[in-house]
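Lettering follows sequence order; numbering is per chain, from 1.
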Amino acid sequence: MRQDLEQIVKLLETFWMEVKRGAMSVPRGAVATYGDLAEALGDRGAARALPGVLEEIKRLGDPFSRVPENVPLHRFVRSDGWIREECREALMREGVEVREGRVGDLPSRVWKDFSISAVLTALRELQKKAAADMHTPQVHDAESFLSVDVSYAGRRALICGVLFGRGDVEEVKVETEVLFPYVPGYLFFREGVLIAQMMDEHQLKPDVILLDGHGVLHPRGSGLATHLGSLLRVPSIGVAKSLLVGGHRKEKEIEAVFLAGEQRGWAVKKSVIKKRGRRYIYISPGWGVGLEGSLKIYLKAADIIGGEPVERAHRCAARW
DNA sequence: GCGACAG
DNA sequence: ATCTTGTCGC
Ligand SMILES: [Mg+2]
């Protein structure tokens, strides 16, 4: 079953609505932790993204409504009781005891009765569907390539695609609004959605897309490259600078990367691609490409562009 | 206190 | 990813 961009974007809008509802429900005189709000949203791992999200809602409004909301940002603390510097005074005025930057008696003050929908769980369900979509005849070669990267400035994003493989090299750039924070394991919803918009707008149909992130080398087998490839029905490969999950030996120039006892990708010394560099980069199949195909096609792309393909897109995206 | 989780 | 001076290594 195919997903569509509008359905996904709708869920991202829901994310902001639910964060707002959750934040507004914390009563005066109480505090809530970022972790508990994240858990109510479906994943405690999103806790680190929430201070920024709440602040954005208050200052600028969510990216959909763009109407600033007076969320009680000051009632949110870290799970160890730590309160943001600028929130301490407001909290004290509400009768909360503040000692050395922390909530006096956290267990008695903390409120966690959120009744919001678990949007992040819904996002994970989409990831699982994309991961299950992994079959189809896999490609073993490609003639035209698109490498992509995204840079950020506040809530603006610059998406840059580099098309190559048929002689010339073409750059495509699109500037848009960021719709979702960075949460480890959910990169597709931040960058993939913007990249899909860019490819729609310019009607790009390369044989394969090379993305700055992982493919099946992901907790749910559904990284940025996998989900985007599945959405667009374009074969894709993940090219990451570090691991999110999994591990590998460090003896040969090219090593297999394993996750839960199964090979999910490759670690390739950068020196294989470029003159310098001793670090590994991580290649994994996205969608419509197998393990062997991902490595073969990636090395071909690197050879044609004469360097690391995603790095090429990275430099492009750095120029606003 | 330390380690850690793509971008 | 971004914020940023000087510093290290090829
Ligand atoms: Mg990037």
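Closest approach of A:I273 and A:E308 over heavy atoms only: CG2-N, 3.7 Å.
For A:S242, a side-chain nitrogen or oxygen approaches OP1 or OP2 of B:dG7 to under 4.0 Å. At B:dA6, none of the side-chain N or O atoms of A:K241 fall inside 4.0 Å of OP1 or OP2 (strictly under the cut-off). In this model, the phosphate group of C:dA1 is approached by a side-chain N or O of A:H314 to a distance below 4.0 Å at OP1 or OP2.
What separates CG of A:L259 from P of B:dA6 is a distance of 15 Å, to the nearest Å. The nearest whole Å value for the distance from the NE2 atom in A:H248 to the C1' atom in B:dA6 is 14 Å. The nearest whole Å value for the distance from the CG atom in A:L243 to the P atom in B:dG3 is 18 Å. Distance, A:I195 CD1 to B:dG7 C1': 10 Å, rounded to whole Å. Atom P of nucleotide B:dA6 and atom CD1 of A:I237 are separated by 21 Å, given to the nearest angstrom. Distance A:R279 CZ to C:dG9 P: 17 Å, rounded to the nearest Å. Between the P atom of B:dA6 and the CZ atom of A:R220 lies a distance of 13 Å, rounded to the nearest Å. Atom P of nucleotide B:dA6 and atom CD of A:E191 are separated by 12 Å, given to the nearest angstrom.
In this structure, A:E94 places its CD atom where more than 12 heavy-atom neighbours from other residues, nucleotides or ligands lie under 6.0 Å away. When the shell of 6.0 Å around CD of A:E86 is examined, it contains more than 12 heavy atoms from other residues, nucleotides or ligands.
When distances run from any side-chain atom of A:L224 to the nucleotides B:dA6, B:dC5, C:dA1, the shortest one goes to B:dA6. Looking at the side chain of A:D212, the nearest of the listed nucleotides B:dA6, B:dC5, B:dG7 is B:dG7.
By the 5.5 Å and 30° criteria, A:Y152 is not stacked with the base of C:dA1.
Between A:R278 and A:W320, the residue anchored nearer the 5' end of DNA chain C, judged by the nucleotide with its closest heavy atom, is A:W320.
Heavy atoms of A:Y186 sit under 4.0 angstrom from at least one base atom. As judged by a 4.0 angstrom heavy-atom cut-off over every strand, A:G185 is placed among the base-contacting residues.
Classification of the A:F189-A:H227 ring pair by plane angle, with boundaries at 30° and 60°, yields perpendicular.
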Practice task
Step by step, work out the side-chain contact (heavy atoms from CB on, under 4.5 Å) result for A:D207 and A:F145.
Solution key: CA-CA 6 Å; A:D207 291 343; A:F145 308 81; over 6 Å; no

